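What you see below is based on every heavy atom in this structure, not just the backbone, and it leaves out hydrogens, waters and symmetry mates. This structure is a prediction, so every number in the text was calculated from the model and none was measured. Proteins come first, then strands; the chains are lettered A, B, ... in the order of their sequence lines, and each starts at number 1.
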Amino acid sequence: MNFIIQGTLKAIKELYNTDISEEAIALQETRKEFEGQITIVTFPLTRISKKTPEQTGNDLGEYLKNTLPEVTGFNVIKGFLNISVSDNFWLHLFTSSILQPTYGQFPKNGQKVMVEYSSPNTNKPLHLGHVRNNLLGYSVAQILDANGYDVIKANLVNDRGIHICKSMLAWQLFGNNETPETNNLKGDHLVGKYYVLFDKEYKKQIEELKEAGQTEEDAKKNAPLIRKAQEMLLLWEAGDAEVISLWKKMNAWVYAGFSSTYKKLGVDFDKFYYESDTYLLGKDIIDEGLEKGVFFSKPDGSVWIDLTADGLDEKLVLRADGTSVYITQDLGTAQLKYDDFKMDQSIYVVGNEQDYHFKVLFLILEKLGKVWAKGLYHLSYGMVDLPSGKMKSREGTVVDADDLVDEMIATARTRTEELGKVEGFSDEEKQSLYEMIGLGALKYFLLKVEPKKRLLFDPNESIDFQGNTGPFIQYTHARICSVLAKGLYENAKKSDYAPALTNVERDLIVLQSKYPEIIEASAQDHSPALIANYIFELAKLYNKFYHEEPILKADDLQIKEFRLALSKATATILKKGMKLLGIEVPDKM
RNA sequence: GUUCCCGUAGUUCAAUGGAUAGAAUUAUGGUUUCCGGUACCAUCGAUAUGAGUUCGAAUCUCGUCGGGAACACCA
């Protein structure tokens, strides 16, 4: 709506002899109860005009109407100037822009951005929390791509540490050489089973030691199992052949399991980093920091940074014995990633319980004078709650990712079969449809909420296909496809529409014209939710249009072709938008 | 204790500081023609609380109350 802004600037210059910036003009969509499509808020301008909001609105409206051919009328209500734009303008916008194949795809902007997400531990299968992380990361990557960035999807796998040793040890002790093949169990689930078993046996030992008179604290340290796990970690770090080989074997099981879950979820990565490769990094950054005086040593040899001036604490960055802590590795890994790709931005998709960690991490890198530090961003998201309360693996209230996906697909099947609309589908077509619907429901449900907000996942409700859901949008798309097929859209003439627009038609074009702004805003805010809510609005409005205006039975051939084109444009936006959420839409369902 | 995030209809979510706070769901009632009724239309229903800033506050500031999280020589 740039021509309105420019026109208004000119108006203000001529009427009030003042120059103002574009940002000073507040444009918004006209509320549907009023006449017009675009509204200017006049309150901020009254300082310049020295008139009442009403008079200012009238002055501007009159000026715009007289100077801009696209402006056909206006009204001023309580200081809001509502502008009517000609149908010709909207039709032209529709054919020259909205209907074009590249609509909503921005040209390359020459910027490179890394999105790191998923980042699983290799000691247990993925659960609902990871699902939110994966969907969010993947979707944000898609959105950035649509905005013209070069995107690198990265996954930093946490494949070492005491927690990994726990499942290894438990398998060694109790596993009887069980493998995914012998037991027909997905590798990550098998390893997770032993992680749980470790915890169970460990607790038993703690109880025994407590009964023998030890304090809880001592018991936790002295239990033979934890001691053995620690020994194993030392052996791993020393490169012990047997431990390494066990570690490789079990990790391979887990990776096979993860890769099948990723595939099911439809997410992928361009670059994997492994903590087993990176956990020793960061020491040189410590040296650098000491040299620059950003860090300081304590008498025992440990290295710290004082962030109290920034409202944070003193933070340890290297232990007295010279070994790394979590943040040491992260400093090193950040440098490694930058050296590898020289990206302009780097986005970490990590839960909000690590807000403090990332604040510290980024601040340290800035203080070290890393020019790329300003491109770092923590995409923090809220926890996923269940109606029963918080997910706790120990209490068995954790929702497993694979189970969840399977359940969604099964429900999609049941629902679809009940409706009996898949006659004539082959078995493969049916299966692929059920997957599209089940996953669409799940993904849409998790992505329609603003990332930073906590989210309540009700398994029963998520499977509801009514209302603001993925399947509703998928259905709308399928219905449009059906109309287009019947109307032989492909053969229809595709330009020179000149009908007088009905209200819904105009509303539809106006809404469609907002799509690029939404794509931009969702990248800016790192929020797929904006797109989800937008395409839902669009689907709803299309249904209203569909209900009110005949398409195939329109009296006039030109009108019919125009309405088909309008339908086609809607379907395309729905499809593109859903794709940015990682959701496929069927042509038939 | 300190810091951070969040409080909007019964429920789940919206609202670049702008008009009478929108949807979805639930409940109730309705849809001559109809291209796919998983649709459409209508009614009921909310900004936790007290101040402040502003022409104008759900939104910004401060306090109170409520929910969550972080502040480890764990990762």
Seminar exercise, completed: Of A:Gln354 and A:Leu455, the one whose closest nucleotide on RNA chain B sits nearer the 5' end is A:Leu455

For this session: Please tell me which of A:Pro44 and A:Trp304 maps to the more 5' nucleotide of RNA chain B, matching each residue to the nucleotide holding its nearest heavy atom.
Result: A:Pro44

Could you go over nucleotides 42-46 of chain B and give all protein N or O partners under 3.5 Å, atom names and distances?
none

With the side chain of [X] defined as its heavy atoms from C-beta on, choose the nearest nucleotide among [options].
| X | options | value |
| --- | --- | --- |
| A:Asp313 | B:rA14, B:rC71, B:rA75 | B:rC71 |
| A:Leu530 | B:rA19, B:rA15, B:rA70 | B:rA15 |
| A:Met383 | B:rA19, B:rC73, B:rA69 | B:rA69 |

Under 3.5 Å: donor-acceptor pair, side chain of [X], backbone of [Y]:
| X | Y | result |
| --- | --- | --- |
| A:Arg160 | A:Tyr274 | no |
| A:Ser527 | A:Asp525 | no |
| A:Thr414 | A:Ala410 | yes |

For this session: State whether A:Arg319 places a side-chain N or O below 4.0 Å from either non-bridging phosphate oxygen (OP1 or OP2) of B:rC74.
Result: yes

For this session: Give a yes/no answer on whether the side chain of A:Arg31 brings an N or O atom under 4.0 Å of OP1 or OP2 in B:rG22.
Result: yes

Problem set entry | Donor/acceptor link under 3.5 angstrom from A:Asp321 side chain onto base of B:rC73 | no

Under 3.5 Å, N/O pairs linking protein and nucleotides 4-10 of chain B:
{"from": "B:rC6", "atom 1": "OP1", "to": "A:Lys452", "atom 2": "NZ", "distance (Å)": "2.6"}
{"from": "B:rG7", "atom 1": "OP1", "to": "A:Lys453", "atom 2": "NZ", "distance (Å)": "3.0"}

Exercise. Is there a stack between A:Phe536 and B:rA24, judged by ring centres under 5.5 Å and planes under 30°?
Worked result: no

Exercise. For A:Asp310 and B:rU3, what is the distance between atoms CG and P respectively, to the nearest whole Å?
Worked result: 15 Å

All N/O pairs under 3.5 Å across the protein-nucleotides 56-60 of chain B interface:
none

Rounded to whole angstrom, note down the [atom1] distance from [N] over to [M].
| N | M | atom1 | result |
| --- | --- | --- | --- |
| B:rG22 | B:rU47 | P | 13 Å |
| B:rG50 | B:rG66 | C1' | 15 Å |
| B:rU16 | B:rG7 | P | 13 Å |

Seminar exercise, completed: All stems that RNA chain B takes part in, i.e. 3 or more consecutive Watson-Crick or G-U pairs with distances under 3.5 Å, are B:1-7 with B:65-71, B:10-13 with B:22-25, B:27-31 with B:39-43, B:48-52 with B:60-64

For this session: Would you give a per-nucleotide map of nucleotides 34-41 of chain B, 5' to 3', where B means the base has a protein non-hydrogen atom under 4.0 Å away, S means only the sugar-phosphate does, and - means neither?
Result: SBBSBSSS

Problem set entry | side-chain contact (heavy atoms from CB on, under 4.5 Å) involving A:Glu505 - partner list, sequence neighbours excluded | A:Leu501, A:Thr502, A:Phe545, A:Phe562, A:Arg563, A:Leu566

